[in-house]
Chemist: 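Let me begin by handing over the structure; questions about it come next.
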Amino acid sequence: MDIKLSTNLSSEFKEISITIHAPKLTPEVQKISQYIATIKNQPNQIIGNDDNKIYFIDLENIICFFSKDKYNYVRTKEGSYKIKQKLYELENVLEAKNFIRISNSCIINMKQVKCFDTSVLGTILVKLKDNTQETVSKRKVAQIMKFLKERGRLK
């Protein structure tokens, strides 16, 4: 199905309004509607703290979220910061195409991935741009492989 997109910008408008015109409700129309609905709930920053200092961290600077010693953290190039959110809460609000859960204790930012190493049978190592690596849990291997195939990263 061809999709035609038009934008009408004017200072007359007081809010953003999106209208979808389609001959019928298709899976594509549903996906577009769902995606638009998630945009307004999408955070663009997260609050982290370290040594009694509070930091506002932009999502694009996040390498991963992880759990350690009963606490949750966010890792950036600058360091790791404790966060209040639980990983399952983050998983529900973060954009699925950019963030993916690879284990019970780790969510990675796909924009910070160098490569996926599948050289060891049944295991996937995620090598990140900060020269660290995370292991995909055995339970998540099939999901990650599906994720990669859907995005054309594996043939």
Side-chain angles (χ1 to χ4, degrees), residues 1-3 5 7 9 15-16 18 20 26-155:
M1 167 185 278
D2 288 337
I3 298 175
L5 179 66
T7 306
L9 305 174
E15 63 185 13
I16 297 172
I18 298 173
I20 299 173
T26 64
E28 290 87 3
V29 171
Q30 286 178 316
K31 273 187 175 178
I32 292 167
S33 297
Q34 289 169 351
Y35 180 74
I36 291 168
T38 62
I39 290 173
K40 70 178 184 177
N41 298 326
Q42 186 69 227
N44 58 4
Q45 288 184 326
I46 192 157
I47 295 174
N49 61 64
D50 183 39
D51 288 332
N52 296 318
K53 295 177 186 157
I54 297 172
Y55 297 90
F56 290 90
I57 303 162
D58 291 333
L59 288 182
E60 68 245 17
N61 295 329
I62 293 171
I63 295 168
C64 68
F65 296 96
F66 65 96
S67 297
K68 182 180 174 188
D69 300 328
K70 298 184 182 181
Y71 292 102
N72 293 319
Y73 299 88
V74 59
R75 187 167 73 227
T76 68
K77 290 177 187 170
E78 288 75 36
S80 293
Y81 306 91
K82 191 187 263 186
I83 57 173
K84 291 186 178 185
Q85 294 88 343
K86 300 196 178 341
L87 293 186
Y88 74 84
E89 294 170 338
L90 292 167
E91 189 176 21
N92 290 332
V93 297
L94 294 171
E95 194 172 351
K97 73 175 183 179
N98 293 332
F99 290 89
I100 186 164
R101 190 151 193 173
I102 62 166
S103 68
N104 280 344
S105 61
C106 187
I107 298 172
I108 59 169
N109 182 350
M110 290 299 295
K111 292 181 177 180
Q112 296 292 333
V113 172
K114 235 191 247 187
C115 69
F116 288 85
D117 183 350
T118 58
S119 61
V120 179
L121 188 64
T123 302
I124 301 175
L125 283 178
V126 182
K127 297 189 178 186
L128 300 163
K129 290 181 180 177
D130 69 343
N131 294 318
T132 61
Q133 64 183 25
E134 299 289 338
T135 304
V136 175
S137 71
K138 298 266 186 222
R139 284 188 198 160
K140 298 282 186 178
V141 167
Q143 180 186 348
I144 298 300
M145 293 303 286
K146 180 182 177 205
F147 177 87
L148 294 173
K149 286 178 185 175
E150 285 174 354
R151 279 140 189 89
R153 293 191 171 103
L154 285 180
K155 303 241 181 218

Chemist: Applying side-chain contact (heavy atoms from CB on, under 4.5 Å), run through I47 and F56 and close with a yes or a no.
Modeler: CA-CA 5 Å; I47 295 174; F56 290 90; 3.7 Å; yes

Chemist: Mind running side-chain contact (heavy atoms from CB on, under 4.5 Å) on F147 and M110 for me, showing each step along the way?
Modeler: CA-CA 11 Å; F147 177 87; M110 290 299 295; 3.4 Å; yes

Chemist: Are any side-chain N or O atoms of K140 and backbone N or O atoms of N104, one a donor and one an acceptor, separated by less than 3.5 Å?
Modeler: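 Side chain of K140 to backbone of N104, a donor-acceptor pair under 3.5 Å: no, none is there.
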
Chemist: Out of curiosity, I100 CD1 to C106 SG, how far, rounded to the nearest 0.5 Å?
Modeler: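 Rounded to the nearest 0.5 Å, the CD1-SG separation comes out at 11.0 Å.
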
Chemist: Mind checking the CD1-OG1 spacing from I63 to T76? Nearest 0.5 Å is all I need.
Modeler: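 It is 6.0 Å, given to the nearest 0.5 Å.
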
Chemist: Atom NZ in K68, atom CZ in R75: separation rounded to 0.5 Å?
Modeler: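 It is 10.5 Å, given to the nearest 0.5 Å.
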
Chemist: Once you measure the plane-to-plane angle for Y55 and Y81, does it fall in the parallel (<30°), tilted (30-60°) or perpendicular (>60°) bin?
Modeler: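 Tilted: the ring planes of Y55 and Y81 meet at 30° to 60°.
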
Chemist: Can a donor-acceptor pair be found, under 3.5 Å and without considering hydrogens, that links the side chain of D51 to the backbone of K53?
Modeler: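 Answer holds: no.
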
Chemist: Any luck finding a side-chain donor-acceptor pair between N49 and K84 under 3.5 Å?
Modeler: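 No, because no side-chain N or O of N49 sits under 3.5 Å from a partner of the opposite role on K84.
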
Chemist: Quick check: does any side chain N or O of D130 sit under 3.5 Å from a backbone N or O of K77, one acting as donor and the other as acceptor?
Modeler: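 Checked: no pair found.
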
Chemist: Please round to the nearest 0.5 Å and tell me the distance separating atom CG of D50 and atom CD of E78.
Modeler: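 If I round to the nearest 0.5 Å, the distance is 12.0 Å.
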
Chemist: Could you grab the distance from atom NZ of K127 to atom CD of Q133, nearest 0.5 Å is fine?
Modeler: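 Here the rounded value is 5.5 Å.
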
Chemist: Show the numbers, then the answer: is there a side-chain contact (heavy atoms from CB on, under 4.5 Å) between F99 and L90?
Modeler: CA-CA 9 Å; F99 290 89; L90 292 167; over 6 Å; no

Chemist: CD1 of I16: more than 12 outside heavy atoms within 6.0 angstrom?
Modeler: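 Open.
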
Chemist: Just how far is it from atom CD of E134 to atom SG of C64, taken to the nearest 0.5 Å?
Modeler: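 Answer for the CD-SG pair, E134 versus C64, is 5.0 Å.
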
Chemist: I'd like to know if the side chain of Q112 and the backbone of E60 have a donor-acceptor N/O pair within less than 3.5 Å.
Modeler: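 Confirmed, Q112 side chain pairs with E60 backbone.
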
Chemist: As a quick check of understanding, evaluate side-chain contact (heavy atoms from CB on, under 4.5 Å) for V126 and K114, giving each step before the final call.
Modeler: CA-CA 8 Å; V126 182; K114 235 191 247 187; over 6 Å; no

